[in-house]
Amino acid sequence: PRAQLYHEPNFLPFRFPGPTVITAHDLSWLRYPQAHPADRVAVMNRRFPRALEVAAHVITDADYTREEIIAQFGISPDRISSVPLGARENFHPRLESECQVVLSQRSLSYRGYVLCVGTLEPRKNLELVIHAYAAMPEAYRTRRPLVLVGMKGWLTSGLESLMQPLVAAGQIRPQGYISDEELAALYAAAQVLVYPSLYEGFGLPPLEAMASGTPVIVSDRSTLPEVVGEAGVQIDAADESGLCAALRRFNEDAAWWNARAVASLAQAQRFSWARCARETLGVYRKVLDEA
């Protein structure tokens with residue numbers, strides 16, 4: 001039988017004779033064009049307004065992005081819905097023994113390191129993390145290495161030279177790309193995840209860390225407050241001293257760390273792929289009813 005509806009999960013749909021739903025994850029090429037290759041920015045500027053016109057309905061990952069698209073493009077609010085993402089089931093709390101193989105391969109200890117997850121690119125605001133971490137006492141950096149997980153993006157040469165002395169000292173540990181199973185162990189064994197991104201369409205790493213029982217420090221920008229709620233520590237994206245203060249508190253106040261970890265698990269349980277699927281199906285039904 002012929003398909004009744006086409007859902008394009010990545011912004012720009014192909015031609016289809018029936019109703020089309022698109023997912024628009026963010027407006028990063030408009031907000032941070034310098035963080036994208038120029039040809040991608042040109043294609044999105046040319047084709048995305050038309051994609052909005054042909055779509056019977058638009059899905060975003062967060063309320064922030066929904067409101068942003070309404071304001072930027074004048075789309076009718078009843079044609080756009082936010083459907084939050086979820087954390088996969090392999091991201092869950094783990095005992096020290098369950099993480100030991102991955103930790104020992106990297107000379108790390110359980111709850112003994114600060115974690116950053118994301119592509120090394122300007123939008124992720126890793127410069128703030130490096131500066132704040134470098135400002136922490138030598139004794140802290142020796143005991144609490146900063147573990148960076150993620151592929152190299154673009155415009156990273158300045159970041160690499162900034163990190164180099166601390167990499168050479170073994171205090172910053174770039175891991176590059178790692179497997180899902182290794183990532184799950186590193187989330188679950190970290191003392192805290194730091195994710196001060198300047199702009200996100202959702203922000204899966206903080207959700208995955210919280211689902212793993214690990215507290216998070218995020219910037220108070222874009223969609224991140226929606227994801228972490230009251231459970232996460234929110235800082236200004238330019239506040240180096242605020243990030244240092246949060247790192248110190250997580251390191252020194254065990255009761256507060258425990259409270260944040262418990263709250264993080266509860267917050268993460270509000271999101272799931274089952275909920276995402278259910279609400280996406282609701283959009284399909286609405287579109288087909290109106291077709």
Side-chain angles (χ1 to χ4, degrees), residues 25-26 60-68 82 84-88 91-94 111-119 123-133 136 144 146-150 183-184 186-273 275-276:
H25 297 284
D26 57 45
T60 63
D61 303 330
D63 291 340
Y64 178 92
T65 313
R66 177 180 181 272
E67 297 302 322
E68 207 179 13
S82 71
L85 309 180
R88 284 168 291 163
F91 298 119
H92 58 76
R94 293 167 191 253
R111 301 302 183 198
Y113 57 93
V114 176
L115 182 63
C116 273
V117 175
T119 306
R123 183 166 55 93
K124 300 301 182 182
N125 200 22
L126 282 175
E127 278 199 18
L128 177 80
V129 184
I130 307 304
H131 281 299
Y133 184 75
M136 297 295 282
R144 297 266 182 267
L146 174 62
V147 176
L148 303 181
V149 171
L183 178 59
L186 288 183
Y187 272 137
Q191 183 184 58
V192 61
L193 175 86
V194 182
Y195 198 82
S197 181
L198 298 174
Y199 181 88
E200 291 293 323
F202 184 76
L204 273 174
L207 179 60
E208 291 166 349
M210 292 192 302
S212 305
T214 295
V216 300
I217 304 169
V218 300
S219 67
D220 58 4
R221 298 273 187 101
S222 66
T223 59
L224 293 172
E226 275 180 69
V227 175
V228 307
E230 297 297 312
V233 175
Q234 298 179 32
I235 60 164
D236 183 273
D239 187 4
E240 182 184 314
S241 62
L243 178 50
C244 287
L247 289 172
R248 276 196 302 272
R249 188 163 187 194
F250 274 121
N251 196 48
E252 295 164 6
D253 190 339
W256 191 72
W257 187 96
N258 280 320
R260 295 296 93 214
V262 170
S264 295
L265 270 175
Q267 174 71 7
Q269 284 164 3
R270 298 177 55 202
F271 301 86
S272 70
W273 287 114
R275 174 189 171 187
C276 181

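In what follows, residues are counted from 1 in the order of the sequence shown.
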Restricting to non-hydrogen atoms, name the atom on [X] and the atom on [Y] that form the minimum distance, rounded to 0.1 Å.
X	Y	value
P206	V216	O-CG1, 3.7 Å
M210	V227	CE-O, 3.5 Å
Q267	V228	CG-O, 3.5 Å
C116	L126	SG-CD2, 3.8 Å
A237	D220	N-OD1, 4.2 Å
C244	A132	SG-O, 3.3 Å

Any side-chain heavy atom of [X] sitting closer than 4.5 Å to one from [Y]?
X	Y	result
M136	R248	yes
L204	L85	yes
L193	P215	no
V194	L128	no
L247	V192	yes
Y195	L224	yes
S197	R221	no
W257	R249	no

Has the side chain of [X] got a donor or acceptor atom that lies under 3.5 Å from a matching backbone atom of [Y]?
X	Y	result
T223	F202	yes
S212	T214	no
N125	L198	no
R260	A231	yes
N258	A254	yes
R111	A190	yes

query = Does a side chain donor of either S82 or D63 reach within less than 3.5 Å of an acceptor in the other side chain?
reply = yes
ask   = Can you find a side-chain donor-acceptor pair between S241 and D239 that sits under 3.5 Å?
value = yes
task = Could you please spell out the steps behind the side-chain contact (heavy atoms from CB on, under 4.5 Å) verdict for V218 and V233?
result = CA-CA 6 Å; V218 300; V233 175; over 6 Å; no
query = Salt-bridged, E226 to R270, with N to O below 4.0 Å?
reply =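 So E226 does not pair with R270 through a salt bridge.
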ask   = Around E230, counting heavy atoms of other residues, nucleotides and ligands shown, do more than 12 lie under 6.0 Å from its CD?
value =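 No.
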task = Determine, step by step, whether T60 and H25 satisfy the side-chain contact (heavy atoms from CB on, under 4.5 Å) criterion, reporting the C-alpha distance in whole Å, the side-chain angles of both residues, the deciding distance to 0.1 Å, and the verdict.
result = CA-CA 6 Å; T60 63; H25 297 284; over 6 Å; no
request  = Describe, in one word, how the ring planes of W256 and F250 are oriented to each other, choosing from parallel (under 30°), tilted (30 to 60°) and perpendicular (over 60°).
outcome  =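 Geometry flag for F250 against W256: tilted rings.
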task = Verify side-chain contact (heavy atoms from CB on, under 4.5 Å) between E208 and Y187, making sure each step is shown before the conclusion.
result = CA-CA 8 Å; E208 291 166 349; Y187 272 137; 2.8 Å; yes
Side chain to side chain donor-acceptor pair (under 3.5 Å) against R88, all qualifying residues, sequence neighbours excluded =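 With neighbours one apart ignored, the set is D180.
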message = One pair to check against salt bridge (charged side-chain N to carboxylate O under 4.0 Å, His left out): E200 and K124. What are the steps and the verdict?
response = CA-CA 9 Å; E200 291 293 323; K124 300 301 182 182; 2.8 Å; yes
task = Give, for atom OH of Y113 and atom CG of L186, the distance between the pair rounded to the nearest 0.5 Å.
result =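 So the OH of Y113 and the CG of L186 are separated by 4.5 Å.
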